[in-house]
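A short worksheet on the structure shown next.
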Amino acid sequence: MVLSLDLRRYRNIVVLTGAGISVASGVRPFRGPNGIWNEWDIERCATRTALEQSPQLVWQTFGPLRKQLQTTQPNAAHRALARFEQSLNKHQRFTLITQNIDGLHQIAGTRNLVEFHGSLRQSRCSDDTCEQSSFVDQRAHTETLPTCPTCGKPLRPDIVLFEESIPAWAEAHAKRSLRECDFFLAVGTSGTVFPAAAFARTAQMLGARTMLVNLEPHSEADSAFEEQQIGRAEELLPTLLGVA
Ligand SMILES: [Zn+2]
């Protein structure tokens, strides 16, 4: 049986989510045995070079995924995190960092959100110096190459491609929240790959309580996670966070 955690004494709660939290919403993971990357030629369709040489190919790759997302809804885990954030008192800070590009935390209503790898629901200009800011875009753009309403250059999905770095603001925001974190929770991520492992380690070194909620237990003896709850996030989180 899962018991509710008493999190009222924590001042800076940081949650990191990975692909596992969206499985119950029908979002296929990119990595792992059933991952999308097993079927795609990453070099050809999901890199910075591909975007520069053939932006249409990038849209033909990510456009159909964007189309699927139009009918994808947040599940009980996304909603529990949003309700939890709303339930905190004015002395508590909450930051949700997600590795997912499905935009489901935003739809669920999470407010202090860092989409570490961007959002597939948004488009932006392929020219980083253009003044056009990222915007919500429902269109899949698989047929014709969309152009920037400001400068006319190709648009791109607002996600971090291979060969690209995490946006500086996202990295800074994540690091700042980790420095002050006293409770760190990772959900739906193996806990051994970047950035989950590094984030947990940083939080632990700075004295935070660290917990993993995942379908698979972490296997490393020196894991930075002091506690783990094994199971489905959508079943565990509402009770753990006391918002069932
Ligand atoms: Zn532009």
Side-chain angles (χ1 to χ4, degrees), residues 16-19 21-22 25-31 35-37 39-74 78 82 95-177 194-195 199:
L16 173 74
T17 66
I21 197 170
S22 294
S25 292
V27 180
R28 232 180 112 189
F30 282 94
R31 298 172 193 279
I36 291 171
W37 292 141
E39 289 158 29
W40 287 2
D41 182 353
I42 294 174
E43 297 277 321
R44 214 171 67 93
C45 64
T47 58
R48 177 81 194 186
T49 310
L51 180 75
E52 282 160 6
Q53 291 172 354
S54 176
Q56 183 69 64
L57 205 58
V58 173
W59 279 111
Q60 281 165 4
T61 304
F62 288 100
L65 291 183
R66 178 182 272 188
K67 208 166 187 172
Q68 284 169 22
L69 283 183
Q70 288 170 4
T71 54
T72 305
Q73 295 299 322
H78 299 101
T95 307
L96 200 165
I97 306 163
T98 187
Q99 299 166 253
N100 301 337
I101 58 170
D102 54 39
L104 292 176
H105 287 298
Q106 191 137 33
I107 294 175
T110 290
R111 282 178 287 209
N112 194 12
L113 176 66
V114 183
E115 291 177 315
F116 215 57
H117 294 141
S119 171
L120 191 51
R121 294 178 192 264
Q122 310 230 146
S123 296
R124 67 176 163 96
C125 186
S126 56
D127 180 351
D128 295 336
T129 64
C130 177
E131 285 174 8
Q132 175 67 48
S133 49
S134 173
F135 59 94
V136 175
D137 189 1
Q138 297 283 342
R139 298 159 298 172
H141 302 304
T142 46
E143 305 295 321
T144 48
L145 182 62
T147 51
C148 171
T150 302
C151 74
K153 287 181 185 155
L155 283 177
R156 57 169 291 176
D158 192 2
I159 55 174
V160 177
L161 296 168
F162 287 89
E163 305 170 350
E164 290 186 316
S165 24
I166 306 296
W169 74 267
E171 191 133 31
H173 193 137
K175 279 189 179 149
R176 201 166 49 237
S177 63
F194 183 84
F199 282 9

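Both counts, for ligands and for their atoms, begin at 1 and track the order of listing. We're numbering straight along the sequence, starting at 1.
At least one donor-acceptor pair under 3.5 Å links the side chain of H117 to the backbone N or O of Q99. The backbone N or O of L161 sits less than 3.5 Å from a side-chain atom of E164, completing a donor-acceptor pair.
Heavy-atom contacts from other residues, nucleotides or ligands closer than 6.0 Å to CD of E131 number 12 or fewer. The 12-atom threshold is exceeded at CD of E163, counting heavy atoms of other residues, nucleotides or ligands nearer than 6.0 Å.
A side chain to side chain contact (heavy atoms under 4.5 Å, CB included) with H141 holds for exactly one of P146, P154, P55; it is P146.
Using a cutoff of 4.0 Å between basic side-chain nitrogens and carboxylate oxygens, R121 and E115 are not scored as salt-bridged.
Protein-derived N/O/S atoms nearer than 2.8 Å to the Zn ion (ligand 1) total 4, waters excluded.
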